[in-house]
Amino acid sequence: MSWCCTTCGGAECFPSVGLLEPAALLLAALALPIILFYMLRLRRQEITISSSMLWRQVTQDRQANAPWQKLRRNLLLYLQLLALALLALALARPFVESGGLPAGAVVVIIDGSASMQAQDGADSGGPITRFARAQDEAARLVDGLAPGARMTVILAGATPRAVVSAGQDKAALRAAIAALRPGAGLGDLSGAVTLAAATAAAPGATLVVISDGAIGDGRLPAVSAAVRYIGVGHSAENSAITALALRDAPQGPQLFVGLANTGPAPAGGLLTVEVDGRAWDSRRVDLAAGADDDLTLPDLPIDTRLVTVTLKIADPLPLDNTAWAARTAGGAVRTLVVSDSAGFIEKAINLLPQARLSRVAPADYRPDAPADLTVFDGALPATLPPGPLLLINPPDSPLLPISGTVAYPVVGPADATDPLLRYVDLSGLHLAEARHALAPAWARVLLRSTAGDPLILAGEPGGRRVVALTFDLHRSDLPLQVAFPILMANVVGWLAPGSAVEAPPRLLPGAPLAIHPVPEADTVLIDAPADGQQAARRFTIPAGAAVSFAETAAPGLYRVRQTAQGRPVGADEWFAINLLDRAESDIAPRPTIDLQGQPVARAQSVSGRREVGPLLLGLAMLLLLLEWRLYHQGARGLLRRMRPHPR
Amino acid sequence: MISNSPAAGAAYTTLFDAAFLRKLERLSIVSHKLRAGRMKGERRSTRRGNSVEFADYRNYTPGDDLRRVDWNAYARLERLFIKLFMEEEDITVHVLLDASKSMDWGDTRPVFGLGAGAAAASAASADQNKLIYAKRTAAALGYIGLAGFDRLTVAAFQRGAISRFAPVRGRGHAVSLLRFIAGVQGGGETDLDASLRAYAAHARFPGVCFILSDFFTAQGGTEGLTALQAAGHEIHVLHILAPAEVRPELALLGDLRLRDSETGQTQEVSIDSGLLDLYADKFAEWQGALAGFCRRRGINYLQVTTDQPFDELVLHYLRRRGVLS
């Protein structure tokens, strides 16, 4: 049972109230026996006065309704009746529709994507971001949390993270929410809903999504809980750099810049390009409403390494107005061939521009020989070098067990999807003999014989990259085929890429990347840029065969430096972290979010029911205490204050 | 002077002490009218007499005492005039004391009908008992009259009867006066009008009449006052009330059964602020009616509450109001 304003539904003028157990109001009927008992058991003290002459006149007009006159203005009775009314009302479990939530599990997902950094709101302290508004809304939900209810808070950043799990301590919840920071990349709201689904599966659970709704296609997994969507943000105006690529062209490096205006109004601004810290180009760009544009800047300096592009337009989200690009100049690969004789392999590697080849006989080989890549042709020492290995016709070893040979194996199907076999056609390969190798756990088989014997294997045992060809090149026609130099280029490029940083062309904030230090490096130093939330930081990582680095939350340029005993090894390398996502830059608040075909409309805040029964119980107890005090001490003082003394 | 016998001491020490009596000896009762007295006294009489204070002339008639002829006037006018002098006689002071049961009441301690803890708070406070207060006032007025060589009559209206203290004159009757007043006990129901009418009918010498009463009577007492005034008395009404009668919230609050001390009738009331306001209105109406009647009749009306210090009443208040000098 509830009642509220009929004109606006109670949403605007005042919160509606109601009762969860209206039948409890019948307890108010206890007032009748109280009044009856009061009338029957009214004990009057007999007092002898000088004359009742005046009192008779005073009470003359009250004699007609004498039984009721006893009850008039009886403060104690009124207090008892009021306490009874409060008790009955408290047992009826009254509630107030407010910013609170119903009792039960509550899961709050706060969108931590880059669009939540849009600054299109304001409060008493000045402009605030959508994320700050979301924090306020979440704190309000904490305030309205029903007693006994548990709240889980999930930050939907690049990787969804449960900040608080089933917490009841409101102070801790508020502190955890206040400590949240938005990310600069995409928000995995879908993953966050999946993460919340387990908690929100309990009966009566409520899932609250606080977001601007800019979540790609807006479709989320379905959950069984009741879902509320609190929308934050109101502005749709935004211009962004949505693409940036720095590539080598015949004329020299050239820069490709993609721009987008996702707002409803045309926008224009200055696009500036800095190359290696120096202004190189600046031009005005005008973007129509909702339009995309791109431009190519050719003829960048031949030694271009770092490029910063800035679109100077005042919009709520400055995060996507700057993008960075780093150009990696591949270094020389020191390749050591351990073979008895110069052969096909040496010739093939010599064709690669980055390779610096040297050869040594197996008897003269020492494991500490400096090399970025070691090729063992028909031999394998007991002690292996630390870097990547290319094994050709290897003997039996713990790294790759061999059990005999296979004569005239027929080449079977190849794994054409593997990057090592890209553009490599091995269908015409013929072999006179091959080792009967047992594929170890670390290896993936790129080529097998029709009998299932591995012919080409690749893998990363212990973080070191290894490629093995289980046949002698001289007893095959592979060196005579077109595929051979391509295969060698792929293999060497994968084994020794020439750059420690193995980064895809587009690295989003928060995305991990792998770093392959040179073998002699013992430490990797990574300098992360500053952003609006934290200062520039330096990460010191012990070098290994491969280093995984995931502290890429801040967009910008990251410098990677390898050192050995404090001395730099090789040149510094750079990689860039950019948002470059048109969907994320489209910050227009969405009116709905879609959970498997069930749209959830945006609301300004969650309306919940907050029970006020305990408050009424407290008031009733106070009234009973007051009644007890008056009963024992009398109301003389009270009435004296009520009535001034006659002069 | 007051006798120092133990009996006499016991008589007046219940009312006041000897030091207070000495203060009373300096006071006298004011009579605003010239009256013909019965005996020589210290007050101017309507009669011409032998005092040293010149009053008037009249023509000589045969038989007049030639010693009173103003020979100086005869020398100037050649006519005989007799010099008249003021006569000083006594006056009669009547002290009428209401000794009904309602007067024997007075309690300042509060009584609440809210709990058993307040049940014991009903003992009267002697200091503010109206009858004791009235008896002390009557004794003081009587002693002042005796000290002024006025004829004094004291009457107590008690149990439907009138107890009289026979007309006496002179300080020598002070002890018997105090003994009489100390022996007055409150009780019974008194019809004040009937008592005053009866007293007026039997009083042979009108004089200054003090009426000490709470006037809690259904008839209001005005008929009795009218009868006394018709008998030629100069009336002073001392309306004696207990503080709890003026402001009942001092003593009464809550659910009570009020028992009338005279009639024994009970009245159930739930006293709250509203009823107290109503009582205040009724009290003001009742007291205002009595005061208005007295004002119209030229009767000196004085309301006295028993929380007013007794010596301040006699030594100062009554002087300021022109009752004593």
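Numbered from 1 within each chain, the chains take letters A, B, ... in sequence-line order.
Among the candidates B/F216, B/Y279, B/W286, the residue making the largest number of heavy-atom pairs closer than 4.5 Å to chain A is B/Y279.
Taking CG of B/D214 as the reference point, atom CE of A/M53 lies at 8.5 Å (rounded to 0.5 Å). Distance check, rounded to the nearest 0.5 Å: CD of B/Q267 to CD of A/E46 gives 12.5 Å. For the atom pair B/D281 CG and A/Q57 CD, the distance stands at 12.0 Å (nearest 0.5 Å).
Counting only distance, with no hydrogens or angles, the side chain of B/S261 and the backbone of A/S50 share a donor-acceptor pair below 3.5 Å. At least one donor-acceptor pair closer than 3.5 Å links the side chain of B/W105 to the backbone N or O of A/T48.
Interface residue B/A218: only backbone heavy atoms are found under 4.5 Å from chain A. Of the two parts of B/K282, the backbone and the side chain both hold a non-hydrogen atom closer than 4.5 Å to a non-hydrogen atom of chain A.
Counting all heavy atoms, side chain and backbone alike, B/L256 lies closest to A/I47 at CD2-CG1, 3.8 Å.
No donor-acceptor contact under 3.5 angstrom links the side chains of A/S52 and B/Q265, judged on distance only.
Counting non-hydrogen atoms of neighbouring residues, nucleotides and ligands closer than 6.0 angstrom, the CZ atom of B/R319 reaches no more than 12 such neighbours.
By the 4.5 Å heavy-atom criterion applied to side chains, A/V58 and B/F283 are not counted as neighbours.
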